[in-house]
There are 2 protein chains.
Amino acid sequence: MDIQSELMNITSEMNRGFLQLIILTFLDVPSYGYDIIDSLEKIGYKVEENTLYPLLRRLEKKEVLISEWKVVDNKPRKYYSISKYGKELREEIMKIWSIQNLILQKLSDGRKENE
Amino acid sequence: MDIQSELMNITSEMNRGFLQLIILTFLDVPSYGYDIIDSLEKIGYKVEENTLYPLLRRLEKKEVLISEWKVVDNKPRKYYSISKYGKELREEIMKIWSIQNLILQKLSDGRKENE
DNA sequence: ACATTATACTATATGTCGCACAGTATAGTG
DNA sequence: CACTATACTGTGCGACATATAGTATAATGT
């Protein structure tokens, strides 16, 4: 079992759900695809275009995000922002994330006690 | 868009990866399926049998877990424990989890600044 | 003694999404 | 003019949590 490929696999699994939370948190301020990628990369989280754009479309379809074309610097850009419904969803997802952290904390503490 | 069904969906997505981390953290001490379910439920994390058993089998197949049948209280039980390779994997997954928390923290802090 | 529930597990199918592959269009740079 | 960067769209695949369905045995209630 090659740990590197296993890690790539599990990273992908862990990104599910997390990516959505990241995007919903980021888009309080409207932004467009390429800018989102740049900004996330600057804080140490690399998302490929081919991952982000389909996600943005899916979230828009679910009415979690709202989009609007604008022309900036003579370029058309699709600006996304979180919807009201998206904000409600984000709060609930944050709760799930907190619960998961709590559970992991409890298990890690229990593990240290058993060492 | 019904937020309840959306939440069930995203909970499922967020469990991917997380469940594996939970199990690897829990199985420093050997345990069997039903006991794992009970113990996790006691600390507030509900996992269905039909979710856990296939996961245990997948992780064993990947040589992340080791299993061994034992008869206890006159009942056959399959005890699982984490392998050496599983421990290496777990350390790496914990790093990913920490990075994700860091990224989320940065984004949340940035969001509060923009409020 | 029988029905029901609990314990403990196995087998298989489905839906979702991150990722990969492939592409278009325009602007900027060498 | 060739190449890279910017900015996006369309489609298919693989992995896994979940759901459905099941077997086997023990414990409990009537």
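Side chains included, hydrogens not; waters and symmetry mates left out as well; all remaining heavy atoms used. Every chain is numbered from 1, with letters handed out A, B, ... down the list of sequences.
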### Message
Is there a side-chain contact between Ile23(B) and Val64(B) in this structure, where contact means two heavy atoms from C-beta onward sitting under 4.5 Å apart?
### Response
no

### Message
Contact between Arg90(B) and Thr25(B) at the side-chain level, heavy atoms closer than 4.5 Å - yes or no?
### Response
yes

#### Entry: Proximal nucleotide (of dT18(D), dA7(D), dC9(C)) relative to the Asn15(B) side chain
dT18(D)

### Heavy-atom closest contact (Ile82(B) atom, Leu24(B) atom, distance)
CD1-O, 3.5 Å

### Message
Nearest to the Arg16(B) side chain among dG18(C), dC16(D), dC17(C), which nucleotide is it?
### Response
dC16(D)

### Task
Ignoring hydrogens and angles, state whether a donor on the side chain of Ser67(A) or Glu60(A) is under 3.5 Å from an acceptor on the partner side chain.
yes

### Message
At less than 4.0 Å, is any side-chain N or O atom of Lys62(B) found next to OP1 or OP2 of dC16(D)? Yes or no.
### Response
yes

### Task
With DNA chain D as reference, determine whether Glu13(A) or Arg77(A) sits nearer its 5' end, using the nearest nucleotide of each.
Arg77(A)

### Task
Please state whether the phosphate of dT9(D), meaning OP1 or OP2, lies under 4.0 angstrom from any side-chain nitrogen or oxygen of Lys78(A).
yes

### Selected nucleotide, minimal atom distance to Asn50(A) side chain, candidates dT9(D), dG18(C), dA17(D)
dT9(D)

### Message
Just the rounded figure in Å: distance from P of dA11(C) to CG of Leu52(B).
### Response
15 Å

### Message
Quick check: on DNA chain C, is the nucleotide nearest Leu55(A) upstream (toward 5') of the one nearest Asn74(A), or the reverse? Name the residue that is more 5'.
### Response
Leu55(A)

### Task
Name the closest nucleotide to the Arg58(A) side chain, picking from dC19(C), dC8(D), dC17(C).
dC17(C)

### Task
Pick base, sugar-phosphate or nothing for Thr51(B), based on heavy-atom distances below 4.0 Å to the nucleic acid.
base

### Query
Looking at Glu6(A), Glu13(A), Met14(A), which one forms a side chain to side chain contact (heavy atoms under 4.5 Å, CB included) with Ile93(B)?
Met14(A)

## Note on the structure
Closest of dA15(D), dC19(C), dT10(C) to the Asn9(A) side chain is dA15(D)

## Note on the structure
Rounded to whole Å, the CD-C1' distance (Glu60(A) to dC8(D)) equals 13 Å

### Query
Taking only N and O in the side chain of Gln20(B), is any of them less than 4.0 Å away from OP1 or OP2 of dA15(D)?
no

### Message
Please report the distance, rounded to the nearest Å, between CD in Glu49(B) and C1' in dA17(D).
### Response
15 Å

### Message
Does the structure place the NZ or CZ of Lys70(B) under 6.0 Å from the centre of the six-membered ring of Tyr79(B), at an angle of no more than 45° from the ring's axis?
### Response
yes

### Message
Side-chain N or O of Tyr53(B) versus OP1/OP2 of dC9(C): is the shortest distance under 4.0 Å?
### Response
yes

### Closest nucleotide among dC17(C), dC16(D), dA7(D) to the Tyr34(A) side chain
dA7(D)

#### Entry: Value in whole Å for how far the P atom of dA5(D) lies from CD of Glu41(A)
12 Å

#### Entry: Between dC9(C) (P) and Asp38(B) (CG): distance, integer Å
11 Å

### Query
How close or far is atom P of dA5(D) from atom OH of Tyr32(A), stated in whole angstroms?
16 Å

### Nearest-angstrom distance from the residue atom CD1 of Ile37(A) to P of dT6(D)
10 Å

### Whole-Å distance separating the NZ atom of Lys46(B) from the P atom of dT18(D)
11 Å

